[in-house]
Amino acid sequence: MVVITQADFPGWPGDADVAVALTFDVDGEAPWLGEGPEYSRRLTVLSQGRFGPERGLSRVLDLLAMHQITGTFYVPGHTADHHPEAITAIAAGGHELGHHGYLHLGSEGLDADGQRAELERGLAALERHGLRPIGYRSPGWELMPETLGMLPEFGFSYDSSLMADDRPYWEVSGSAPLLELPGHWSLCDWPYFGFTPYHGGLLADPAAVERIWIEEFESARAEHRLVTYTMHPEAIGRGYLIRMLDRVITEMVERGRPWFATHAQIAALARKPSPAAATPRPAG
Ligand SMILES: [Zn+2]
């Protein structure tokens, strides 16, 4: 049995009893264009993606500013190229920007060269904004060994794509340990609120999701661990869902002493393990 090497932290800053990372994937039109050229003429579904950077994002940024919270925004290079004002607004709010592919291509459909190109194109797009990300989240949470192995080479300090633990842990990536800041589908808005005519969706009751997210917050608080929530401006940026997120944040502050932090801030606190201590993945 492979034993996971948990990351060791000196404790959260101040008097915090839990670390909370609010993270947002600003996918825009990229996932549809990456799915196939036939989507380039499907204006309704493209416009649904465009709602994220064009409308939902400003609601997210306003809410975070109101609560004085900084978050982490994972951005495909295509979004950076086609919605530059979104990148400017995120950076102006003091938030972290992370890598989320270029055309949001699932790495499971790419060979090693294709995966490298997606990483390089995404980096180049962010560099045009003067940004060099240290965090990576794979598009669609589908991460192949080739991409994982390339991350240290491109200067990444952490990944947020894998789910072997609900505490931060060390993964083997290439020859170096790489910090994993895990998320989970249950703590992501998309399975509850994402809907397209091509993939369907639940369009769940926000009150039910609010309860799930607060219960997970209480679990994280009891264990003094990090909890990462993953959202998409295209979904969470709808009016009724921003109201839900507002209630969730307010309730967290009322119940506990959360440290709302970016993934980069959390990664900076992790004590480095010995290279041999990282968690080897099972072969295959
Ligand atoms: Zn995405």
Side-chain angles (χ1 to χ4, degrees), residues 21-36 39-40 42 45-57 59-61 71-83 86-87 89-90 95-110 114-115 117-123 125-126 129 131 133-144 147-148 151 156 158-163 180-196 198-202 228-238 241 245 262-263:
L22 301 182
T23 70
F24 303 88
D25 300 352
V26 193
D27 290 344
E29 297 97 329
W32 297 109
L33 297 171
E35 196 134 323
Y39 283 93
S40 66
R42 294 185 175 170
V45 77
L46 285 176
S47 70
Q48 189 177 324
R50 188 177 170 188
F51 180 92
E54 295 280 341
R55 175 68 167 138
L57 177 66
R59 284 193 174 129
V60 169
L61 293 173
T72 302
F73 290 75
Y74 293 95
V75 181
H78 183 276
T79 299
D81 279 347
H82 292 268
H83 301 281
I87 307 306
I90 294 166
H95 305 288
E96 179 193 4
L97 281 110
H99 194 297
H100 196 45
Y102 184 81
L103 207 51
H104 204 273
L105 298 178
S107 60
E108 78 280 11
L110 300 168
Q115 292 177 52
E118 182 80 353
L119 281 174
E120 287 175 343
R121 290 184 75 197
L123 281 173
L126 291 176
H129 291 270
L131 298 163
I134 62 162
Y136 177 77
R137 174 176 283 160
S138 57
W141 271 340
E142 193 69 67
L143 182 62
M144 301 297 276
T147 292
L148 179 63
L151 293 179
F156 290 100
Y158 73 85
D159 170 67
S160 183
S161 311
L162 301 173
M163 308 178 182
E180 182 58 47
L181 299 176
H184 191 260
W185 295 107
S186 61
L187 306 175
C188 174
D189 61 356
W190 194 258
Y192 304 113
F193 306 121
F195 175 89
T196 70
Y198 307 106
H199 298 152
L202 280 178
T228 290
Y229 297 89
T230 300
M231 293 161 275
H232 300 74
E234 173 184 343
I236 202 75
R238 304 300 308 189
L241 292 178
L245 182 57
T262 66
H263 271 170

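Indexing begins at 1, ligand by ligand and atom by atom, following the structure's order. Every value quoted in this text rests on a predicted model; they were computed, and no experiment measured them.
- The N, O or S atom of His104 lying closest to the Zn ion (ligand 1) is NE2.
- Donor-acceptor pairing under 3.5 Å is recorded for the side chains of Arg137 and Thr23.
- His95 pairs with exactly one of Leu61, Thr72, Val60 by the side chain to side chain contact (heavy atoms under 4.5 Å, CB included) rule, that one being Leu61.
- Neither side chain, His104 nor Thr79, offers a donor N or O lying under 3.5 Å from an acceptor on the other.
- Metal site remark for the Zn ion (ligand 1): Asp27 contributes an N, O or S atom at a distance under 2.8 Å.
- Using bins of under 30°, 30° to 60° and over 60° for the plane-to-plane angle, the ring pair Phe73/Phe24 lands in the parallel bin.
- Look at His232 and the Zn ion (ligand 1): no N/O/S atom of the residue is under 2.8 Å from the metal.
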